[in-house]
**Q** 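Sharing a structure with you now.
We count residues from 1, following the sequence as given.
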Amino acid sequence: MYRPLKNNLIYNFFSWYIKLIIKKDFSDFRFNDLKIKESAAILVLANHFSWWDGFFIFYLNRLLFKKHFHVLVSAENYKKVGFLKYLGAFAAESKGKDVLATLDYAGQLLDNPDNLVLVFPQGKLYSNHVKNIHFEKGVMQMINSSQKRMNIIFAATFTDYFSKRKPVVQTYLHNWETEEYVSLQLLKSAYNKHYDQSVVKQTQIIE
């Protein structure tokens, strides 16, 4: 299993750099505020449509949640994009038992109230125009490996140009009040309800 590495110098540099490139490449970065249990970790489930997605939530975390950021990535990205490991990225090194160990590790991260763990349940990149967000099974393994006391935040992000030369980023956040019994189907259904509502809000924006 590939774990995050700590280097404050590298972290601080890329934290500054991510803010810089978002401000440079986008005309605005918008999100709604929401209340969370400060005494609990955060699991963010987000749609995955671009190279930017992890950086969006990393930046949003700096502005809003202010937790220790972690993100589950593929082994390929962990190795190819060298600095990710210093920004909280972790990955399964191989299939089988290592995947389970990685999901258990994520569950342990979620038991620490100082942490935020970002997961893209689709597993791969899909268009920003898909009508349904697919969920891989590993999400439930991660939740079941924890004490199930975390905030579960749904994030649906879209980009539109409107009247701007550079696109506007809009992230719709929802704090899901979990049921006593959580299944993959229930989680997927609740997320897609939020996603559908977010699409409606996005299409109603007029500038």
Side-chain angles (χ1 to χ4, degrees), residues 1-27 29 31 41-110 112 114-130 133-139 141-142 153-159 166-171 173:
M1 176 190 158
Y2 297 118
R3 294 174 182 261
L5 298 178
K6 190 168 183 178
N7 184 306
N8 288 335
L9 188 63
I10 297 175
Y11 177 88
N12 290 335
F13 171 78
F14 279 101
S15 184
W16 166 82
Y17 183 67
I18 288 167
K19 176 182 177 180
L20 178 71
I21 60 174
I22 287 177
K23 286 184 173 294
K24 177 178 177 291
D25 287 17
F26 297 91
S27 59
F29 183 83
F31 56 91
I42 297 174
L43 171 62
V44 177
L45 301 177
N47 59 320
H48 197 19
F49 66 94
S50 76
W51 174 88
W52 287 97
D53 300 335
F55 300 136
F56 288 153
I57 303 300
F58 178 89
Y59 184 49
L60 188 150
N61 177 56
R62 283 194 60 198
L63 297 173
L64 181 62
F65 299 125
K66 298 177 173 61
K67 301 275 189 180
H68 296 316
F69 182 84
H70 301 81
V71 57
L72 178 60
V73 301
S74 66
E76 180 186 3
N77 280 336
Y78 184 94
K79 290 183 287 187
K80 187 170 71 173
V81 188
F83 65 86
L84 288 181
K85 62 177 71 74
Y86 298 105
L87 299 182
F90 62 99
E93 191 171 351
S94 59
K95 296 182 180 179
K97 290 184 178 180
D98 196 58
V99 172
L100 295 177
T102 303
L103 296 172
D104 287 345
Y105 171 75
Q108 293 167 23
L109 289 174
L110 291 168
N112 184 337
D114 294 331
N115 290 335
L116 177 147
V117 177
L118 168 62
V119 174
F120 299 110
Q122 293 162 289
K124 297 179 180 179
L125 285 164
Y126 288 80
S127 168
N128 203 192
H129 302 285
V130 295
I133 302 300
H134 170 71
F135 270 51
E136 295 288 343
K137 295 178 181 178
V139 178
Q141 172 70 27
M142 185 184 308
I153 305 296
F154 297 154
T157 300
F158 306 94
T159 57
K166 298 176 183 179
V168 175
V169 183
Q170 176 74 57
T171 298
L173 300 170

**Q** Would you check if Leu63 and Phe31 make a side-chain contact, meaning some heavy-atom pair closer than 4.5 Å?
**A**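 Contact flag for Leu63/Phe31 side chains = yes.
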
**Q** Please say whether more than 12 non-hydrogen atoms of neighbouring residues, nucleotides or ligands are located less than 6.0 Å from NZ in Lys23.
**A** no

**Q** If you count heavy atoms of other groups shown closer than 6.0 angstrom to OH of Tyr17, is the number above 12?
**A** no

**Q** Evaluate the side-chain contact (heavy atoms from CB on, under 4.5 Å) criterion for residues Ile133 and Phe135: first the C-alpha distance (whole Å), next the side-chain angles of each, then the deciding distance (0.1 Å), finally the verdict.
**A** CA-CA 7 Å; Ile133 302 300; Phe135 270 51; 4.0 Å; yes

**Q** Could you check whether any side-chain N or O of Asn115 sits under 3.5 Å from a backbone N or O of Leu109, counting only pairs where one atom can act as donor and the other as acceptor?
**A** yes

**Q** Using the ring centroid of each side chain, check whether Phe26 and Tyr59 are separated by less than 6.0 Å.
**A** no

**Q** Mind checking whether Tyr2 and Tyr78 have parallel, tilted or perpendicular rings, split at 30° and 60°?
**A**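 Parallel, since the angle between the ring planes stays under 30°.
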
**Q** With a 4.5 Å limit on heavy-atom distance, are the side chains of Phe58 and Phe14 in contact?
**A** no

**Q** Can the positive tip of Lys85 be found less than 6.0 Å from the middle of the six-membered ring of Phe90, inside 45° of the ring normal?
**A** no

**Q** Would the distance check show the side chain of Asn128 and the main-chain N or O of Thr157 forming a donor-acceptor pair, the cut-off being under 3.5 Å?
**A** yes

**Q** Check Met1 against Thr102 and note the closest heavy-atom contact, atom names and distance.
**A**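 So the minimum-distance heavy-atom pair works out to CG-OG1, 3.5 Å.
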
**Q** Could you tell me if the ring centre of Phe49 sits under 6.0 Å from that of Tyr126?
**A**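 Phe49 vs Tyr126: aromatic centres not under 6.0 Å.
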
**Q** Side chains of His48 and Asp53: is there a donor and an acceptor less than 3.5 Å apart?
**A**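 Judged by distance alone, the side chains do pair up.
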
**Q** Between Pro4 and His70, which heavy-atom pair has the shortest distance, and what is it?
**A**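 Of all heavy-atom pairs spanning Pro4 and His70, the closest is CG-CD2, 4.2 Å.
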
**Q** Taking only residues two or more places apart in sequence, or in another chain, which ones meet Phe65 in a side-chain contact (heavy atoms from CB on, under 4.5 Å)?
**A** Leu34, Ile36, Ile42, Leu60, Asn61, Lys67, Leu116, Ile153, Leu173

**Q** Look at the aromatic rings of Phe55 and Phe83 and report parallel, tilted or perpendicular, splitting at 30° and 60°.
**A**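 Plane angle under 30°, so parallel.
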
